[in-house]
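What follows is one structure encoded as structure tokens, with my remarks underneath.
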Amino acid sequence: MSELTTPESGPMASGVDTTTVAAATPDKHQPWKELGLKQDEYDRIKDILGRRPTSAELAMYSVMWSEHCSYKSSKIYLRQFGEKVTDEMKTHLMVGMGENAGVVDIGEGWAVTFKVESHNHPSYIEPFQGAATGVGGIVRDILTMGARPIAVMDQLRFGAVENPDTARVVHGVVSGISFYGNCLGLPNIGGETVFDKVYQGNPLVNALSVGALRHKDLKLAKASNPGDLVILFGARTGADGIGGVSVLASETFDSTGPSRRPAVQVGDPFAEKVLIECCLELYAADVVAGIQDLGGAGLSCATSELASNGNAGMRVQLKDVLKRDESLTPEEILMSESQERMMAIVPPKDLKAFKAIVDKWEVEYSVLGEVIDEPRLYINWGDEEIVNVPPRTVAHDGPVYERPVAYPNWIDALNANSVVAAGLARANDNATELAAQLVQVVTSPNQASKSWITDQYDHYVGGNTALAMPDDSGMVRVSEESGLGVAIATDANGRYGQLDPYAGAQLALAEAYRNVATSGAAPLAVTNCLNFGSPENPEVMWQFKQATAGLADGCLALGIPVTGGNVSFYNQTGDVAIHPTPVVGVLGVIDDVARRVPAGWQDEGHNIYLLGITRDELDGSVWSEVIHDHLGGKPPVVDLAGEKALGDLLHGASLQGLLASAHDLSEAGLAQAIVESTLRFGVGARIWITEIMERDGVDATAALFSESTGRVLVSVGREDDVKFVGLCEARGIPVLRIGVTDGRGPDAQLAIKDIADFNLADLRAQYQSTIPDLFG
Amino acid sequence: MPKIIVEVMPKADLLDPQGKAVANALHRQGHANILNVRIGKRIELHTAGVPTEAELAEAQKIADSFLSNGVIEDVVKIHVEN
Amino acid sequence: MPKIIVEVMPKADLLDPQGKAVANALHRQGHANILNVRIGKRIELHTAGVPTEAELAEAQKIADSFLSNGVIEDVVKIHVEN
Amino acid sequence: MKIGVVTFPGTLDDRDAARAVRIAGATVVPLWHADENLHKVDAVVLPGGFSYGDYLRCGAIAAQAPVTQAIVKAANGGLPVLGICNGFQVLVESHLLPGGLIRNEAQHFICRDQKLRVENVDSAWTNAFELNQEITIPLKNGEGGYIADAETLKRLEGEGLVAFRYLDGNPNGSVNDIAGLRNERGNVVGLMPHPEHAVEAGFGPDTASAMRSGIDGLKFFESVLKAVVNA
Ligand SMILES: Nc1ncnc2c1ncn2[C@@H]1O[C@H](COP(=O)(O)OP(=O)(O)O)[C@@H](O)[C@H]1O
Ligand SMILES: [Mg+2]
């Protein structure tokens, strides 16, 4: 009987691989290996089903058990984000990890949901569509929670500026994000852009979205009431990105690069914008009992997750899926990653109201089936049963690996090769050279103005943007009545991560926390996107273990919980992994965005204060990279208690209206902070650094370029001086007056005593031209 | 002026959002007989003289490597107009 | 599938910044023989059967009134492909 | 006083335009793309965005919508109509204003605070400005390059129909630095930059006195209030 109906393998040209056929042909060869499954995983599927899987079931399991969907290598480490928390940290948490995105209570009946996700591999293959659909995907995650998406951000890592392939990726990625985000009408309020040769074959394209909702509008991705209808709506299903999840995201690509070009997805932001408005109207009408976006793994994921989350089952007729292309096989329909689709669970009594709303928006839909009492997912192709599985085994009980971990021996030598040990020359006594280094550092590609990129993003749409590029964090108003709003900053420094992944993750967290605090908001919650090499490499796994421990411990110390995140493994070319790049996003809340603190000097005659202590911490710094092309030593010391105290001070001072401006110190230290503060509004200043050198016992190079943490530059009006300094002293925050602001105008200057006087117009021209000269 | 004309279309099995939007608009206007629309590019390369064989071969290379993106598009035609 | 193909180009005496940008890029790549580039659209209207005369006339009207904007563009060609 | 704010599928700045109308003191009437009548509004704003995805040509599909047909008729009868960005593109595609808008010269989207000179104050949407007043409002577009043939340009310049011109750098390659136009009658105005994003201190462009405090856009809406009251 076996040779009668089934072809050898792959999609069925004629005849369908039904559950009956599968039971009768136990020994048929199946392409599980090509689909990315391991022998033991395939055997487990057979165990679960008591027979070999049908080709449709195999498609589902392979894609859902891929690293990207199942988190099989990272799961055991991600748990600690839920475990290392106090009850107090949970007080604002309405939905924690595990859902499409975490939800945080921000008061006044409002909640926000935010998450960052990677679209790295697709963005290397097809930068424009890869980045565009990355934005589309994360926005649907936010929408799924019942929220109106209100802003996006993008965290980008590109290869070296001088590599000829970098321009291709930069142009494609930036225009893809610009195209999709702008067409959706979501303000882009910030992000990161870093160039480093370690990302040459593995650019990182992470996208973040934040949404706002009233508490009562919270939606969950579950199907729990038998009889409810399963409805697929939005774009039609086509051949886009078939197998994308397992092939694109789970396998390291070989070095042959773009010649091996798998199917990509094409995004239609217009369709998504319509889908957003349509979904929000559906929510308002209260006609959906559960909702899930279709992202990676398409229908396989949506059906199994909805059923599994609801502890129920589902009966689905696959022939009823609206298709763009009638030749799609059932397996392809299950795997398709066509964009701009959603799945809703709708009580039958609400179908009419549902239909009226989707018709108004000219959104197509089809009823695929219904929720059933039994915890089983049945999918039919016409009369034939092609899937009959327990949904939990697909969606949640996938494999979990405790992969081998090995301490990388090379790290000792790397840590030993500090800036001091390597004897890197300093220009302490040569003012001319020091001034030249300052310009070289702040105009280097990673430090120079990113306005060529950010000017391609709409940051006005919505009319609620209170802060955006180039400020320390992005801030949007949530309530037009009260001014209640949220601030978000994201950070990651791969160089620190390479030197010490535990500290690297904490440094990213500390910086994002500080950026939110400088803007006047109170940090409340954390998201992350962990970008690493291959988990099959024990040294990478060690880096991952360290980074997740660092982040979890750090969040506990700061008292803010991780609400969700994303893991991207296999970011490597051949054997060479990227630097560990844990992107950490911190969200803060502000009672009235009118109170936000600018990141630049605005007025003449204000005093400039440096908060915090400067140590000789130049290992891994921008200075060591730009001036000496060096990476070695240990990253700056992390002091989370100090960060918290500093954050509390900033919050207190901003509540009292004492801060005319505040800007955090991070990459390239004080030098970068003063240049950015002066160029922000074109206000000059006179700065002296000798008192820092004396008080902290550091030389001029360290005073200018050290990347010691826990430092912020603030400006304070004369009338608030005494009060402000008193506040710092009372709270034990080191405070030192290092300058005073001057006026604006064509002759405005940044005068750094004993080093140089910089004309602002000239400095601005250099700071602004680096990126356009490379990519414009 | 002689020109080499390069015609580029989105790949058949990928979504063409632009074509879809125009097809919808035509359907709203009552043109039911137009089942589907796809929109690509028509690129004219103007040359000084009538293109030689070598120039055409060069144009083919430019069309494949630069004027179109092989991941999502196909060059469907190259021809000369004088 | 039969299709009516409509080709639309920016008017000759108006700016075509996209064509200019492509021409500049080709010149930087050393293709000096390409004097100028202009970029327009190739629009495929898919029909159920081989288009009738009436359908072609209708397509001409759609091309002039909707698929192109006569103020800035010209329909340079309409033809059928089966 | 009732001002209609149009929403096509893909319109993005409708909520901002509505806010601007409210701040100026008028009542907002939402108009949907499928509306065949204008619900007795005294003026209409066509806001920015990507109507119908802006596929084919920006504004081309929206120009066919029922509500646009109604607006064209009403505008020809004197109803004040303001087209902002995508709304300007719709006006041009509907031939209420001449010329066309094409891809920016730099080939990419650009969002920045833009200085403009108000060159005509005899319209329903500009009468609250002073002639040659310099204002700053946000600009954000991918296809904002204004083009027209030589004859049309001559007429526009000769008859004073250029309402706004870019200052301190032309952001998109528009001919003669044209940022916005009015029609002969003065009831229809279209421009690429966004007045509705400069109506509320804290959320507008930076000014010399404070971050994001620019509200130059408010005058557009104050103008139409005056125009309608005086009409
Ligand atoms: N790809 C990007 N998208 C959006 N905003 C960006 C991007 N890259 C940088 N920015 C913005 O530019 C500014 C400077 O970036 P950066 O120097 O990395 O900030 P910080 O040091 O405070 O983290 C910030 O406001 C940041 O949000
Ligand atoms: Mg910062």
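- For the options D:A201, D:G49, D:G202, D:G142, heavy-atom pairs under 4.5 Å to chain A are most numerous at D:G202.
- Atom CZ in D:R212 sits 6.5 Å away from atom CG in D:D206 (nearest 0.5 Å).
- Side-chain N or O atoms of A:R744 include one that pairs as donor or acceptor with a backbone N or O of A:Q602 at under 3.5 Å.
- Heavy atoms of A:E272 lying under 4.5 Å from chain D are absent altogether.
- Using a 4.5 Å cut-off between heavy atoms, A:A594 makes no contact with chain D at all.
- Side-chain atoms of A:S661 and A:S715 include a donor-acceptor pair closer than 3.5 Å.
- Options A:D458, A:L184, A:V593, A:D268 differ in how many heavy-atom pairs under 4.5 Å they form with chain D, and the most are formed by A:D458.
- For the residue pair D:T68 / D:S94, no side-chain donor-acceptor distance below 3.5 Å is found, with atom types taken as modelled.
- Most heavy-atom pairs under 4.5 Å with chain A: of the set D:D113, D:D14, D:D54, this distinction falls to D:D113.
- At a 4.5 Å heavy-atom cutoff, A:S175 makes no contact with chain D through either its backbone or its side chain.
- Only the side chain of A:E480 comes within less than 4.5 Å of a heavy atom in chain D; its backbone stays farther off.
- Contact count against chain D (heavy-atom pairs under 4.5 Å) is highest for A:Q456 among A:R596, A:K273, A:K360, A:Q456.
- With 3.5 Å as the limit, one finds a donor-acceptor pair spanning the side chains of A:N182 and A:S178.
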Margin query: One pair to check against ring-ring contact (aromatic ring centres under 6.0 Å, His included): A:F179 and A:F128. What are the steps and the verdict?
Written below: CA-CA 9 Å; A:F179 167 68; A:F128 180 91; 5.4 Å; yes
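- Looking at A:H459, the atoms closer than 4.5 Å to chain D (heavy atoms on both sides) sit in the backbone and in the side chain alike.
- Contact of A:V274 with chain D is made through the side chain alone, with heavy-atom distances under 4.5 Å.
- Side-chain contact check for A:D154 and A:Y457: at least one donor-acceptor pair (N or O, by modelled atom type) lies under 3.5 Å.
- Of the atoms belonging to D:Y52, heavy atoms from both backbone and side chain fall under 4.5 Å from chain A.
- For a residue to count as touching a neighbouring chain, one of its non-hydrogen atoms must lie under 4.5 Å from one of that chain's; by this rule D:E200 touches chain A with the side chain only.
- For chain D, the nearby parts of A:Y460 are the backbone and the side chain; heavy atoms of each come within less than 4.5 Å.
- Taking the six-membered ring for Trp and the full ring otherwise, A:F775 and A:F158 have centroids separated by 6.0 Å or more.
- In terms of heavy-atom pairs under 4.5 Å with chain D, the best-connected choice from A:R680, A:E277, A:E362 is A:R680.
- Side-chain atoms of D:D42 come within 3.5 Å of backbone atoms of D:K2 as a donor-acceptor pair (strictly under, hydrogens ignored).
- Residues A:R236 and A:S338 bring no donor and acceptor atom of their side chains to less than 3.5 Å of each other.
- Contact annotation for D:H194: neither backbone nor side-chain heavy atoms come within less than 4.5 Å of a heavy atom of chain A.
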